[in-house]
Amino acid sequence: MKFEVWRLDDADGRIGASRRWRPACSFMPDSARALLGLIEERAGGIVHLDSNAGEGHTFEAIVRALAARFERTRWQVQADDAYAHDQRLVGDEARLAPLSLRLPSLRAR
């Protein structure tokens, strides 16, 4: 099964990626499994699902790791500091595997 990344690049392949943004994110199959688990557990209350919560990778690092993982050689990642926000959702880190398991090049950072 081939997993496709949404199209981040514009016509010329440049992608602006902030070094100061730590996004909450996860891969859809991981989120779906976690949601199914919550339904089966009959869990109540607020649950945060975020594969980046514990590791805290920047958007720049994630975009570079996505490019490596999915062989997006055309992507020209241009690091910037345009957006600063720590968006991570802490508190339920054990429900999702860390982002670096899906994007191994993040482990080298």
Side-chain angles (χ1 to χ4, degrees):
M1 178 172 128
K2 185 175 180 183
F3 185 83
E4 286 294 323
V5 176
W6 78 96
R7 188 175 173 87
L8 284 174
D9 55 336
D10 60 16
D12 63 4
R14 287 181 292 165
I15 301 168
S18 178
R19 293 177 287 243
R20 296 178 47 200
W21 177 23
R22 296 185 188 282
C25 57
S26 61
F27 280 77
M28 292 303 295
D30 300 335
S31 295
R33 263 190 302 283
L35 289 170
L36 182 57
L38 290 167
I39 291 168
E40 290 171 346
E41 291 172 26
R42 296 179 184 252
I46 297 171
V47 177
H48 294 140
L49 297 176
D50 178 8
S51 289
N52 196 34
E55 295 177 330
H57 301 289
T58 66
F59 186 60
E60 177 204 6
I62 293 168
V63 171
R64 289 184 190 283
L66 286 167
R69 168 73 174 80
F70 295 103
E71 300 175 354
R72 305 297 183 180
T73 56
R74 223 174 122 276
W75 288 5
Q76 299 171 30
V77 181
Q78 297 179 334
D80 62 43
D81 295 320
Y83 183 68
H85 184 72
D86 191 337
Q87 189 180 33
R88 293 176 294 157
L89 302 170
V90 296
D92 293 296
E93 289 86 351
R95 293 198 177 271
L96 288 176
L99 197 56
S100 62
L101 287 180
R102 289 271 190 184
L103 300 171
S105 63
L106 288 173
R107 289 186 215 137
R109 296 185 178 271

Minimum heavy-atom distance Asn52-His57, with the two atoms named: OD1-N, 2.8 Å

Among all residues two or more places apart in sequence or in another chain, which pass the side chain to side chain donor-acceptor pair (under 3.5 Å) test with Arg20? none

If you compare all heavy atoms of Arg102 against all heavy atoms of Arg33, which two are closest, and at what distance to 0.1 Å? NH2-NH2, 3.5 Å

Which distance, rounded to the nearest 0.5 Å, do you find between the CG of Leu89 and the SG of Cys25? 10.0 Å

Please work out whether the ring planes of Trp21 and Tyr83 are parallel, tilted or perpendicular, with thresholds of 30° and 60°. perpendicular

Donor-acceptor contact below 3.5 Å, side chain His48 vs main chain Asp92: no

Can you see which heavy atom on Thr58 is nearest to which on Ser18, and at what distance? CB-O, 4.1 Å

Only one of Leu106, Leu103, Val77 passes side-chain contact (heavy atoms from CB on, under 4.5 Å) with Leu66, and that residue is Leu103

From Arg88 atom CZ to Glu55 atom CD, the distance as rounded to the nearest 0.5 Å: 10.0 Å

Do Phe59 and Phe27 sit in the same hydrophobic cluster, where Ile, Leu, Val, Met, Phe, Trp and Tyr count as joined when their side-chain heavy atoms come under 4.5 Å apart? yes

Given 3.5 Å as the limit, does a donor-acceptor pair link the side chain of Arg107 with the main chain of Ser100, or not? yes

Return the minimal non-hydrogen interatomic distance between Arg19 and Ala79, and the atom names on each side. NH1-CB, 3.3 Å

Quick check for you: to the nearest 0.5 Å, what is the distance between Glu40 atom CD and Arg42 atom CZ? 10.5 Å

Heavy-atom nearest pair, Asp80 first then Ala82, reads OD1-N, 3.1 Å

Grab the two heavy atoms, one from Ala67 and one from Trp75, that are nearest each other, plus how far apart they are. CB-CE3, 3.4 Å

Would you please name every residue forming a side chain to side chain donor-acceptor pair (under 3.5 Å) with Asp50, sequence neighbours left out? none

Is it the case that over 12 heavy atoms from other parts of the model lie below 6.0 angstrom from the CD1 atom of Ile46? no

Should we count CD of Glu41 as having more than 12 external heavy atoms under 6.0 Å? yes

Leu99 with Phe70, same ILVMFWY side-chain cluster at under 4.5 Å: yes

In terms of hydrophobic clusters joined by side-chain contacts under 4.5 Å, are Leu96 and Leu35 together? yes

Can you check whether Arg69's main-chain N or O pairs, donor with acceptor, with Glu71's side chain at less than 3.5 Å? no

Pair Gln87-His85, side-chain donor/acceptor within less than 3.5 Å: no

Beyond-backbone contact of Leu49 with Ser26, side-chain heavy atoms, under 4.5 angstrom: no

